[in-house]
Amino acid sequence: MRLKLVKLTVVLGFLSISAYSQSKKTIIPKTYVAAKTTNQIVIDGDESDAAWIKTDWTDLFEDIENNVKPKYGTKVKMLWDETNFYIIAKLDEPNVWANLKQRDTIIFYNNDFEVFIDPDSDTFNYYELEINALNTAWDLFLSKPYRENDNVVLNDWNIPGLKSAVKIKGTLNNPNDTDEGWVLEMAIPWASYRTSYNEKNVPADKFWRVNFSRVNWQHSLNNGNYERKKDAEGKFLPEYNWVWSPMGVINMHEPEKWGYVYFSSKDGIENFTIPQDEKVKWELYNLYRAQKEYYQKNKTWAKTLASLTKETISVDGKILKPVIENHATGYNISVKSPFSNQTYIIRQDGKIIAN
């Protein structure tokens, strides 16, 4: 079962299915430096605004799981100011269509564009936004990734003050012409992500974990109307998932793999290098996923590192020495960073704590 369908069952309260098979290749998250803008940005779906013209596009999106080049191009620009996080996405598409008009319906049943944000980079309490070519939004809050069975999904949570606009380069829902695609522009208020009333959470000169996904379906026509294509047995064909920062598996809900967006306040181009301690955390998440697989096979948590990996764990030439501690409700895996001497602990629920 593809994770998009798993997501639906969780939201609707039915039985969910989890899988922990992982890509064997190393996933290196993408990075992007978002400049602070002093220009007023009008949210109208127009990519020719002065602020956007001088801003770089991301790399073209890739397939979520492998190195297959997507059929159509997708790319994004990002800016920020003291009020909003600005995003503009350009989606090439010869057949622009959408039919879902009610907010918080399951938007990925249409072709859509999706935003995932984890402000504090701990994989807990993160946010998802999906928008289709009709500018219909589905925004939700998740307490934990779906891999944790006790997660809470707030489907009725809305982003206060969200502004978004779509500009169609062609004709929406018209199968008689060939379109260029659509542009989606949005402004997401920082205040939407506050965890307390007076929290100052504008991430000046900090990074947040962010990823973008584009869901694209094969389509058929029914009396001149677009709809998702079905196979000979009447089942919908699987969707394509094209993303900015590849995940290695068909699962957007592994926030530890999302990209790094650094919000620079400096005037001019600034480079961003992923901190080495972040790479230490990646290794803890590898062990966490290995524990999940071990538990599925053995119905108990591994008690030794050798049970999870036969390889020496290192980051940038420095050897890590993780320690596993089992307890009544699960386990902790701790490791001291050779770069900062900070000790990080990952729990059985995937939360990392700096000790």
Side-chain angles (χ1 to χ4, degrees), residues 2-5 7-8 41-49 52-53 57-66 68-77 86-115 128-139 162-187 212-244 250 252:
R2 299 169 74 85
L3 195 84
K4 282 293 182 182
L5 299 183
K7 177 168 71 172
L8 173 60
I41 297 180
V42 178
I43 304 303
D44 57 4
D46 189 348
E47 62 184 295
S48 64
D49 288 356
W52 291 125
I53 288 175
W57 291 106
T58 61
D59 296 333
L60 287 173
F61 283 25
E62 303 177 30
D63 184 85
I64 190 173
E65 185 180 25
N66 51 49
V68 176
K69 184 179 179 181
K71 191 172 184 179
Y72 308 123
T74 313
K75 54 188 178 181
V76 170
K77 293 182 179 184
Y86 299 100
I87 301 165
I88 193 163
K90 186 175 183 180
L91 300 87
D92 296 340
E93 171 60 66
N95 297 280
V96 181
W97 66 277
N99 55 28
L100 298 175
K101 299 179 180 180
Q102 181 175 337
R103 187 176 183 129
D104 289 337
T105 191
I106 303 167
I107 296 300
F108 67 79
Y109 282 173
N110 282 174
N111 295 341
D112 77 356
F113 183 82
E114 306 180 356
V115 181
E128 179 177 356
L129 170 64
E130 304 185 6
I131 298 179
N132 66 6
L134 280 168
N135 197 31
T136 308
W138 180 22
D139 36 13
L162 171 68
K163 295 180 181 179
S164 62
V166 170
K167 187 173 184 178
I168 308 296
K169 295 190 174 183
T171 311
L172 181 66
N173 292 328
N174 183 1
N176 298 316
D177 65 1
T178 300
D179 307 311
E180 292 183 35
W182 53 295
V183 176
L184 168 61
E185 186 177 23
M186 65 187 81
F212 304 104
S213 173
R214 173 181 177 179
V215 171
N216 197 270
W217 298 89
Q218 296 184 59
H219 68 268
S220 59
L221 293 173
N222 183 4
N223 294 323
N225 296 314
Y226 287 100
E227 59 183 28
R228 290 181 291 159
K229 192 172 184 178
K230 298 179 180 179
D231 62 19
E233 297 179 352
K235 297 179 180 179
F236 290 113
L237 295 176
E239 78 280 12
Y240 295 106
N241 295 273
W242 302 328
V243 304
W244 170 49
I250 305 175
M252 285 301 295

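Computation of the quantities below employed the complete heavy-atom set of this structure, encompassing side-chain atoms and omitting hydrogens, waters and symmetry-equivalent molecules.
- Between N222 atom CG and R228 atom CZ the span is 13.5 Å, to the nearest 0.5 Å.
- In this structure, K169 pairs ionically with E47, as a charged nitrogen and a carboxylate oxygen lie closer than 4.0 Å.
- Note: F212 and F113 have parallel aromatic rings, judged against thresholds of 30 and 60 degrees for the angle between ring planes.
- To the nearest 0.5 angstrom, I107 atom CD1 is 8.5 Å from L134 atom CG.
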Item to check | Evaluation steps, side-chain contact (heavy atoms from CB on, under 4.5 Å), between L100 and Y109 | outcome: CA-CA 8 Å; L100 298 175; Y109 282 173; 4.1 Å; yes

Item to check | Stepwise side-chain hydrogen bond (donor to acceptor under 3.5 Å, both in side chains) test for E227 and N99 | outcome: CA-CA 9 Å; E227 59 183 28; N99 55 28; over 6 Å; no

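- Counting only distance, with no hydrogens or angles, the side chain of D179 and the backbone of T171 share a donor-acceptor pair below 3.5 Å.
- No side-chain heavy atom of K167 sits under 4.5 Å from any side-chain heavy atom of D44.
- Contact detail for N110 and V215: the closest heavy-atom pair is O-CG1, 4.3 Å.
- Taking the ring axis of W57 as reference, the NZ or CZ atom of K75 stays within 45° of it and closer than 6.0 Å to the ring centre.
- Scanning all heavy atoms of the two residues, the minimum distance from T136 to K101 falls at OG1-CA, 3.5 Å.
- Counting only heavy atoms from C-beta outward, the side chains of M186 and L129 approach each other to under 4.5 Å.
- Although no hydrogens or angles enter the test, the distance criterion places no donor-acceptor pair under 3.5 Å between the side chain of E93 and the main chain of G181.
- Separation of atoms CG (D49) and CD1 (I88) is listed at 7.0 Å; rounding is to 0.5 Å.
- Checked by atom type and distance alone, the side chain of E114 never pairs as donor or acceptor with a backbone atom of S213 at under 3.5 Å.
- The main-chain N or O of L237 is never found under 3.5 Å from a side-chain atom of W217 such that the two would form a donor-acceptor pair.
- Residues L172 and I168 come closest through the heavy atom pair N-CG2, 4.0 Å.
- Residues K71 and W242 come closest through the heavy atom pair N-CZ2, 3.6 Å.
- A donor-acceptor pair under 3.5 Å is formed between the side chain of D63 and the backbone N or O of E65.
- Put simply, the side chain of N95 never gets that close to the backbone of P175: no donor and acceptor are under 3.5 Å apart.
- Once rounded to the nearest 0.5 Å, the distance linking CD1 of I64 with CD of E62 reads 11.5 Å.
- The backbone N or O of Y240 sits nowhere less than 3.5 Å from a side-chain atom of R214 that would complete a donor-acceptor pair.
- Here the closest non-hydrogen pair linking V166 and A133 is CG1-O, 3.5 Å.
- A salt bridge is defined here as a Lys NZ or Arg NE, NH1 or NH2 lying under 4.0 Å from an Asp or Glu carboxylate O, and R103 with D139 meets this definition.
- With rounding to the nearest 0.5 Å, the separation of CZ in F236 from CG in D231 is 10.5 Å.
- Ring pair W97/Y226 is parallel by interplanar angle, where below 30° counts as parallel and above 60° as perpendicular.
- The shortest heavy-atom contact between S164 and N135 is OG-OD1, 2.7 Å.
- Although no hydrogens or angles enter the test, the distance criterion places a donor-acceptor pair under 3.5 Å between the side chain of K77 and the main chain of W52.
- Note that NZ of K90 and CZ of F61 are 13.5 Å apart. Values are rounded to the nearest 0.5 Å.
- Remark: the backbone N or O of A98 is not paired with any side-chain donor or acceptor of N132 at under 3.5 angstrom.
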